[in-house]
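For reference, the structure discussed in these notes is given below.
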Amino acid sequence: MDASVSFQARRPLVTVTPHGLYCEPGGFHIDPWRPVERALITHAHGDHARSGHQRYLGTRAGEALLRRRVGADSHIDTLEYGESLKLGDVTVSFHPAGHVLGSAQVRLEHQGEVWVVSGDYKRAADPTCAPFEVVRCHTFITEATFGLPIFRWDDAREVAEDMLRWWDANRAVGRSAVLFCYALGKAQRILAELARLTDRTAFIHGALHGLVEAYRGAGVKMLPTQLVSEVEKGTSFAGALVLAPPSAGGSTWMRRFGEAETGFASGWMRVRGNRRRRGFDRGFVLSDHADWPALLRTVADTGAERVLTTHGSAEPLARYLREQGVDASPLATPFEGEAED
Amino acid sequence: MRRLADLYERLDQTTSTNAKVEALTRYFQEAPPEDAAWALYFLTGQKLKRLLTTKLLVGWTQELTGIPDWLFAEVYASVGDLAEVIALLLDNLERPSAPEELPLSLWLTQRLMPLRALDVTAQREQVVSWWRSMPRREVFLLNKMLTGELRVGVSSTLVVRALAKVAGLPAPDVAHRLMGTWTPSKEFFQQLVSPDVSDGHHSRPYPFYLASPLEQPPESLGDLSEWLVEWKWDGIRGQLIHRRGDVYLWSRGEELITDRFPEITDAAKALPEGTVLDGEVLAYEDGKPLPFARLQRRIGRQKLTPRVLAEAPAAFIAYDLLEQDGQDLRALPLRERRERLAALLKHHPAFPLSPAVEASSWEALAHTRSEARERNVEGFMLKRSSSAYLTGRKRGDWWKWKIDPFTVDAVLLYAHPGHGRRSSLYTDYTFAVWNGTDLLPVTKAYSGLTDEEIGRLDRWIRAHTREKFGPVRSVEPEQVFELHFEGIQKSPRHKSGVALRFPRIARWRTDKKPGDADSLDSLKELLHAGA
Ligand SMILES: [Zn+2]
Ligand SMILES: [Zn+2]
């Protein structure tokens with residue numbers, strides 16, 4: 001950015017209020033956690049998109065998912081990626097975050113000063129959504145879900161090949177392979193990655209169905225799927241791959257699969273203890289968030305003079321950046337538990 | 001090393017015991033015997049003495065990765081396993097050299113063992129070059145070996161099952177060969193899986209037969225007259241061997257403790273040769289067992305001074321006769337073994353016979369059980385009179401019927417992140433009871449909650465943190481837990497003045513308020529209850 005202008009002395013464009021991130025000159029909140037008049041939503045995950053706001057503004061690509069999350073009758077306005085809109089004194093636009101379908105970073109411009117709120121993002125390729133776009137800014141509010149140097153992701157294609165090998169190995173001995181993953185984003189990404197390698201049908205839990213259909217509606221190519229509940233009673237699932245949300249693990253729903261191996265696809269699986277503690281046979285390290293190298297690279301790419309960190313490891317990431325000479329600090333937000341991934 | 005990494009991964013990636021035995025069997029069949037011997041060494045829970053300090057390893061990792069101290073500490077707190085942290089951090093390194101494969105035994109004998117003799121500069125050079133040439137999962141295993149922490153999460157029963165498959169022998173034979181001390185070598189492994197059974201060193205104990213906890217009502221065991229009832233002694237389970245003029249005392253952990261208890265092993269020289277007793281080492285005075293705490297003093301000491309010996313006199317209470325005149329008696333019914341034992345011990349009063357507890361009915365027995373605490377015992381052992389002496393924990397013939405634990409309601413005060421397998425979560429807790437109007441920490445406990453509860457509590461802890469001291473958080477005193485423990489003793493080292501034995505969490509009492517928690521005074525009353 002042009003370093004000749006410093007905005008440090010000004011009032012911050014975005015502040016934390018009890019309702020969430022607030023942009024005063026624009027008169028709107030971003031991903032607020034309590035009901036507000038006007039909410040800009042980065043993406044449809046539950047910790048970002050909550051119901052009860054009077055008016056929503058989101059991306060065109062994410063509208064269908066957002067509606068599913070916050071209710072069909074909600075008042076939702078949309079913008080295309082890159083399209084701008086003036087709200088109060090602030091010009092806002094959405095830019096791809098590469099996190100899930102329709103996910104966005106929010107760019108705010110006010111009297112020549114530019115802030116970007118990243119929402120959740122990743123830099124790795126994902127066939128289900130538009131790739132992350134670097135947006136130059138003065139202040140960058142970045143997520144830090146995996147903001148520790150132990151988090152580093154392998155290529156998702158290799159992970160998908162691993163998954164297929166696992167499925168095949170179970171198939172060879174007549175076992176089903178139940179793969180747990182978050183219902184929005186991760187499940188569709190897995191189905192899309194696997195579709196490059198095979199065209200066998202995968203079974204899915206009911207919680208995934210509508211979301212998979214929404215992705216298909218958006219033109220995302222995925223494995224053919226069949227609902228577990230639509231399979232005739234007593235049919236064997238031997239050799240099948242089943243995708244289910246983590247909450248289905250350990251429930252009676254699992255019984256129908258007989259002898260099964262379980263897996264979990266998440267960035268948290270990078271740490272062995274996380275998998276063992278939860279009792280999964282296999283952990284597949286596949287994340288929809290930026291890993292440590294990607295966080296550092298992105299901060300550098302934006303050219304931001306100032307970085308604010310949220311989510312997960314906000315404190316260590318900010319401290320590390322400070323030691324690298326970046327003006328960084330954690331943004332105080334209420335703790336929401338281990339982020340879903 | 002690669003083969004071991006494959007095995008480790010396979011064992012790690014399944015919760016099915018059959019799949020584990022399968023993986024082990026395949027490994028033992030395919031690996032060269034000298035490698036298999038080393039793998040077995042680690043699989044049976046034996047450890048190399050630490051080759052390098054963790055401080056050195058951490059330092060080199062930081063130099064290579066540029067990770068500052070505080071960040072390393074942060075990462076360690078979230079992973080909880082040093083070898084893994086290092087392997088994960090080094091994953092960012094460039095690995096110019098293609099991985100070369102060296103058999104496990106050579107890794108150990110030619111690379112790792114000689115490390116001790118090198119100076120720090122040479123050690124660093126070696127270790128760093130290995131790090132740079134190995135894939136992550138092998139770096140992880142290497143680190144585990146360097147720090148002397150390599151343990152594979154697999155039970156010895158499964159290892160024995162796999163070895164028995166390879167040898168084509170019954171599992172107990174293999175288990176027997178594995179007892180005692182052995183060095184990992186080609187010869188040892190070949191002998192271990194050799195079908196020829198005319199072997200055996202005279203120091204070797206028999207595999208212990210272990211009782212299972214009784215969870216069903218005792219009446220379901222049938223007629224009481226078919227059972228031998230003994231007190232469950234609160235000491236160290238041991239096997240006392242007198243063969244060819246030598247005496248060996250083995251603990252259940254397969255540790256040779258002959259030197260720790262000279263009064264027992266001296267007396268054993270008077271037993272006929274070819275005798276093996278199964279029994280319990282107890283602190284014992286005037287014909288009565290003393291609390292376990294007294295025995296603990298004895299275990300902790302480096303030197304056995306006359307004062308220590310006088311403070312905690314020990315005895316071996318015998319409850320089974322496994323070998324007589326060099327004959328293995330394990331297949332005989334317990335009734336007969338016990339008759340022989342009683343006859344033998346008549347001439348050897350230094351070894352008290354664990355008495356049979358008489359009762360007319362299960363109900364009467366349950367009543368007697370309430371005396372257990374005063375007697376410094378843990379409950380009853382129920383053994384079927386017709387039972388052979390089996391191997392390991394085989395359900396059906398031997399049961400332990402423990403007295404109910406003590407309980408206390410306490411308030412969660414501090415949370416600590418877990419170690420080892422439990423990473424990135426607050427899984428270890430400090431609990432407090434009321435002392436006047438203050439909450440005074442009395443004990444730590446970590447086991448007992450379900451994973452779901454641990455997750456829920458972890459979120460609560462993070463949202464209700466008062467202060468952070470390094471990795472430890474103090475939390476708002478709101479959550480009440482019912483703790484169970486096995487005993488309580490005075491402890492000047494603790495601020496509360498008491499220490500609990502085997503505390504664990506029984507229940508999260510969401511129905512209780514902090515004011516409902518117990519007081520230190522009520523806890524101290526239990527001191528007199530014979531705990
Ligand atoms: Zn998200
Ligand atoms: Zn999020």
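The chains referred to below are lettered A, B, ... by the order of the sequence lines, with proteins before strands, and numbering in each begins at 1.
- B/E84 contributes a side-chain N or O that, together with a main-chain N or O of A/R272, makes up a donor-acceptor pair within less than 3.5 Å.
- No other option in B/V75, B/L90, B/I67 has as many heavy-atom pairs under 4.5 Å with chain A as B/V75.
- Rounding to the nearest 0.5 angstrom, the gap separating the CD1 atom in B/I86 from the CD1 atom in A/I150 is 13.0 Å.
- Shown here for A/Y320 and B/P68, the closest heavy-atom pair between the two residues is CE1-CD, 4.1 Å.
- For the pair B/L88/A/R152, no side-chain contact is recorded, criterion being any heavy-atom separation below 4.5 Å from C-beta on.
- Within 6.0 Å of the OH atom in B/Y414, the count of heavy atoms belonging to other residues, nucleotides or ligands does not exceed 12.
- Every residue was checked against the ring pair (Phe, Tyr, Trp, His ring centres under 6.0 Å) condition with A/F140, not counting sequence neighbours, and none meets it.
- Looking at B/D91 and A/R270, a side-chain N of the basic residue comes within less than 4.0 Å of a carboxylate O on the acidic one, giving a salt bridge.
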**Request:** Test side-chain contact (heavy atoms from CB on, under 4.5 Å) on B/L71 and A/R319 and set out the steps.
**Result:** CA-CA 9 Å; B/L71 186 53; A/R319 180 164 172 192; over 6 Å; no

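- Neither the backbone nor the side chain of B/R456 comes within contact range of chain A; no heavy atom of the residue lies under 4.5 Å from a heavy atom of that chain.
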Side-chain donor-acceptor pairs of residues 470-478 of chain B under 3.5 Å, sequence neighbours excluded:
| unit_1 | atom_1 | unit_2 | atom_2 | d |
| --- | --- | --- | --- | --- |
| B/R473 | NE | B/Y426 | OH | 2.8 |
| B/R473 | NH1 | B/T465 | OG1 | 2.9 |
| B/S474 | OG | B/E467 | N | 3.2 |

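- Contact of B/F72 with chain A is not made at all, since no heavy-atom distance falls under 4.5 Å.
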**Asked** Do A/E323 and B/W70 pass the side-chain contact (heavy atoms from CB on, under 4.5 Å) test, and can you show the C-alpha distance, the side-chain angles, and the key distance before you say yes or no?
**Response** CA-CA 11 Å; A/E323 291 182 2; B/W70 66 266; 2.8 Å; yes

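- Within a 6.0 Å radius of CZ in A/R157, other residues, nucleotides and ligands contribute 12 heavy atoms or fewer.
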**Test side-chain contact (heavy atoms from CB on, under 4.5 Å) applied to A/V271 and B/S78, step by step** = CA-CA 9 Å; A/V271 175; B/S78 99; 5.6 Å; no

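- When the shell of 6.0 Å around CD of B/E453 is examined, it contains more than 12 heavy atoms from other residues, nucleotides or ligands.
- In this structure, CD in B/Q13 is found 8.5 Å from CD in A/E261, a value given to the nearest 0.5 Å.
- With a threshold of 4.5 angstrom between heavy atoms, A/W166 does not approach chain B through any atom at all.
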